[in-house]
A.B. asks: 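To start, I am sharing the structure in question, which I have written as structure tokens.
Each chain gets a letter, A, B and so on, in the order the sequences are listed, and its residues count up from 1.
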Amino acid sequence: GESVGLHLPTLSVQEGDNSIINCAYSNSASDYFIWYKQESGKGPQFIIDIRSNMDKRQGQRVTVLLNKTVKHLSLQIAATQPGDSAVYFCAEILLSGGYNKLIFGAGTRLAVHP
Amino acid sequence: DTAVSQTPKYLVTQMGNDKSIKCEQNLGHDTMYWYKQDSKKFLKIMFSYNNKELIINETVPNRFSPKSPDKAHLNLHINSLELGDSAVYFCASSQDLRTDNEQFFGPGTRLTVL
């Protein structure tokens, strides 16, 4: 079926530590994945994306890893800061009825402690 | 210079009422979307429109009727509101239907049905 899920609903880290948020997806035909950040009271905001022909992509302080063999995505945040506190969603693009739609996972709340 | 805006931000109403949520984007995008986020933060697509034409309708009850008067606007009208309609509704837009086009989300409208 259509589902993208997360292993950990809440992740607490110390400021300055690295954070790793994991996600499992179910549709092996998906070829495009995105991580979104949602701060309290705001809409989701694009962080980083990755295509299925890649296994790693780096941005500023963030890295996304894709393991197609086990259908697993992860988001790594280096030197986590208080401003990183938010809910993080992985999402996959699913082709449905001839059109692409974004399927979100359940979300992981990241809490950064000073 | 807000990219995707929604009104109202909060909406509290009684069961059985009819209400509308408005969305506007000033990005010049062709494609607009409505998503529903429930109390567990799960985000699910409801509709997408491309150039004012309905593309995706995710088996949403027909009490929900989106209307796109022009490419920059996608409004959501809800008839006979039910308790289960309480959620945060997000509007989003993207350049077009291409897979890798980033979706930009609005700030959300929190609907509470009493």
A.B. asks: Got a second to check how far B/K44's NZ is from A/K101's NZ, nearest 0.5 Å?
C.D. replies: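 NZ of A/K101 is found 6.0 Å from NZ of B/K44.
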A.B. asks: By a 4.5 Å heavy-atom criterion (distance strictly below it), what part of B/I56 contacts chain A: side chain, backbone, both, or neither?
C.D. replies: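 Contact with chain A involves the side chain of B/I56 alone.
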A.B. asks: If I measure from the heavy atoms of chain A, does B/Y35 come under 4.5 Å with its side chain, its backbone, both, or neither?
C.D. replies: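 Looking at B/Y35, just its side chain touches chain A.
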A.B. asks: Within a 6.0 Å radius of atom CD on A/Q60, are there more than 12 heavy atoms belonging to other residues, nucleotides or ligands?
C.D. replies: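 Open: at most 12 neighbouring heavy atoms sit under 6.0 Å from CD of A/Q60.
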A.B. asks: Using non-hydrogen atoms and a 4.5 Å limit, figure out which bit of B/Q6 sits close to chain A: side chain, backbone, both or neither.
C.D. replies: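 For B/Q6, no heavy atom lies under 4.5 Å from chain A.
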A.B. asks: Kindly work out whether a path of hydrophobic side-chain contacts (I/L/V/M/F/W/Y, heavy atoms less than 4.5 Å apart) joins A/L65 to A/I50.
C.D. replies: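 No, A/L65 and A/I50 fall in different hydrophobic clusters.
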A.B. asks: Is B/R98 in contact with chain A via its backbone, its side chain, both, or neither, using a 4.5 Å heavy-atom distance?
C.D. replies: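 B/R98 touches chain A through backbone heavy atoms alone.
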A.B. asks: When only heavy atoms count and the cut-off is under 4.5 Å, which of residues 61-71 of chain B reach chain A?
C.D. replies: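 Result: none.
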A.B. asks: Tell me, for A/Q38 versus chain B, whether the close heavy atoms (under 4.5 Å) come from the side chain, the backbone, both or neither.
C.D. replies: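 For A/Q38, the side chain is the part near chain B, not the backbone.
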A.B. asks: State the CD-CD distance between A/Q45 and B/E102, to the nearest 0.5 angstrom.
C.D. replies: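 CD of B/E102 is found 8.5 Å from CD of A/Q45.
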A.B. asks: Pick one of side chain, backbone, both or neither for A/L102, based on which atoms fall under 4.5 Å of a heavy atom in chain B.
C.D. replies: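 Both the backbone and the side chain of A/L102 come within 4.5 Å of chain B.
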A.B. asks: Rounded to the nearest 0.5 Å, what separates atom CG in B/N101 from atom CZ in A/F46?
C.D. replies: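 Here the interatomic distance stands at 11.0 Å.
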A.B. asks: Please flag which part of B/K40 lies under 4.5 Å from any non-hydrogen atom of chain A: side chain, backbone, both or neither.
C.D. replies: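 Looking at B/K40, just its backbone touches chain A.
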A.B. asks: Hey, what do you get for CD (B/Q103) to CD1 (A/I93), rounding to the nearest 0.5 Å?
C.D. replies: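 Output value for this atom pair is 6.5 Å.
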